[in-house]
Amino acid sequence: MYRYLLRRFAFILLTLFLASLIIFTATQFLPGDVAQIILGQFATETAVENLREELGLNRPLHIQYLNWAGGFIRGDWGTSLVSRTPVRPIVLERLGNSAMLAVMALLIYVPLGIVLGVIAALKRDKLPDQLISGVSMAFVGLPEFVSGLLLIAFLAIGLTWFPANSSINPDTTFREAFPYLVLPAITVSLTGLGYITRMTRSGTIDVLRMDYVRAADLKGLPAWQVLIRHVLRNSLLPTVTVVAMGIGWLLGGLIVTETVYGYPGLGRLIVYGIQRQDLPLIQASSMIIVAIYTFSNLAADVLYGLLNPRIRVGE
Amino acid sequence: MEDGKNMIRQAGVSPFSKLQPVFRRLLRYPMTLIGFAIVFFFIFIAVFGPTMAPYQYTEQNLPNKLQPPSEEYVFGTDQFGRDIFSRVIVGSRDVLMVAGSGTAMAVFFGMLLGLISGYRGGWFDEVIMRLMDVILSIPPLLLAMVILFSLGPSRLNVIIVVGFLYIPMVARVVRSVVLDLKTRQFVEAARLRGEGSFYILFREILPNIMPHLAVEASMRFSYSIFLVASLGFLGLGVQPPSPDWGLMVGEARTWFYQARWVLFFPAGAIALLVVGVGFMSDGLRRMLLPGGVSNE
């Protein structure tokens, strides 16, 4: 197990390194020069040259990369080109907001998805299964901006139950932010719900075929006991993985949802950074998302191994 | 003897030739039929629609801007007085072409990589698969945004990015099937006959991968539509005045309160297509891979 963990950890470092290369390289090929962008097109040639020197843009690319990567590891994430303030507090604050949204979404869609998945599995190929599978299939593929805007149209503008716009102050507390979080959380949940439902359904169907379930059934245990003690304990394994992986995936999915609602999270921040060509902002927030994504994937694998002794990685 | 017969059967007959039970399975799931119907409907519109569209999709008519749906403008008009019905119709070609080409690219290269990687094994397999893992460990939308940010948004670049992003998933699925197949007896037999690697890969193994590849392609297609639409919505994909549905929805947000139809029709078109492709791909899986091998 330790060797496995070590290997996975080394792989994560490799991933982060390559991802940082991709992100750094991608942010080099801009239409125009960074110094020029900051100062605007009417700046004098000397002013642009001075700023270029100050930002280290005249140095070779690999030195620039090392400076940036080294700074990032030490916690110096650079200065925003637009607001001229350090990037780190902004990114961390937005990360907190995204986390609030993500946790709320998880609390909605994980329990609901498990219940729906189990029902679908028990009624396999009958009407409830066809309905649940069909509807969840529809929502998995539905882009968040479509479902989000439909929710706004019906629940916010039509029924006025919730605010249509969630562009709250970035430092709002959870209690104050709550009403603004409901619609975005539902939007994110709709996509996640389908995954959980499908995983739970297929996991449960697999377990229902097992001999020990038959045995439990035949020895006269009540159906709900068979379900909880024998089926769910085994069938929810894949679901646990999906939930852990979902945390990283949520952060990716939040990009669109947060933009739809104007919610001040990390996803909205990246879109804003790209629109304003704010390189340090894009770099730092992308790296954070990649890091969370990789670590939650690792958590998923480790959790799966811990919960399922049968597949524990051998020496 | 029995083994020998099986061997010949597996080697000679492609899985697609036994279509009868496949169609019987198709009829058992009404969702699948609905899915196929929707997809073919959109393909039909994409092919013939633009000639039937009542207006040019770029034709502006400012006095008639933000008109609600009427006999003249079935879906109403947008902020420039352009006919939304015509734009949605022409946009169907855009979506299917961009997402379709991206998917085709991903499936083609993913298949090649998966075949070679799975068949050769060794260090080549190790390097390729770790590289695929790295790409998979970055959220696709984020990676697409960062790459498009540097390449610049255009239709071709969106296709390239979509194609590139989904290679690893296809490669992984193909590789796992190859690993299973290459120890089978019909491959062994071909090798003993003295066939070369190329022959074995493309004449013996590839036909047996086809059902998996078809299911995988249909799933990637639904992901691609999702990604292309999201990029369009964020303004990072296909650029105006192109009638990309995601882009139309993004632009329509400003007019949401005055004119909801500007948003509803392109959003509805995305929803319908995505649901159709989802049902189709789920149905394909049930038809072609009844054993229930998960492609997730």
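Chain A is the first sequence line, chain B the second, and so forth, proteins listed ahead of strands; every chain is numbered from 1.
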Could you tell me which residues satisfy side chain to side chain contact (heavy atoms under 4.5 Å, CB included) with Leu150(A), sequence neighbours excluded, listed by chain and number? Val146(A), Phe264(B)
Indicate the atoms forming the closest heavy-atom contact of Val274(B) with Pro143(A), along with that distance.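 Scanning both residues, the minimum pair turns out to be CG2-CD, 4.2 Å.
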At their closest point, which heavy atom of Ile23(A) faces which heavy atom of Val146(B), and how far apart are they?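 Smallest heavy-atom distance, with atoms named: CA-CG1, 4.3 Å.
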Can you tell which part of [X] gets under 4.5 Å to a heavy atom of chain A, answering side chain, backbone, both or neither?
| X | value |
| --- | --- |
| Ile34(B) | neither |
| Leu273(B) | neither |
| Ser222(B) | neither |

Any heavy-atom pair between the side chains of [Y] and [X] that's under 4.5 Å?
| X | Y | result |
| --- | --- | --- |
| Tyr293(A) | Leu142(B) | no |
| Leu234(B) | Thr259(A) | yes |
| Phe233(B) | Glu144(A) | no |

Chain B heavy atoms under 4.5 Å from Ile282(A): which part of the residue, side chain, backbone, both or neither?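 Just its side chain gets close to chain B.
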Contact leader toward chain B among Val260(A), Asn297(A), Ile12(A), Leu18(A), where contacts are heavy-atom pairs under 4.5 Å: Val260(A)
When only pairs under 4.5 Å are counted, which of Leu263(B), Ile147(B), Val277(B) shares the most heavy-atom pairs with chain A?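 Looking at each of Leu263(B), Ile147(B), Val277(B) in turn, Leu263(B) comes out on top.
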Can you run down the salt bridge (charged side-chain N to carboxylate O under 4.0 Å, His left out) pairs that involve residues 265-280 of chain A, sequence neighbours left out, and say none if there aren't any?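 Matches after skipping sequence neighbours: none remain.
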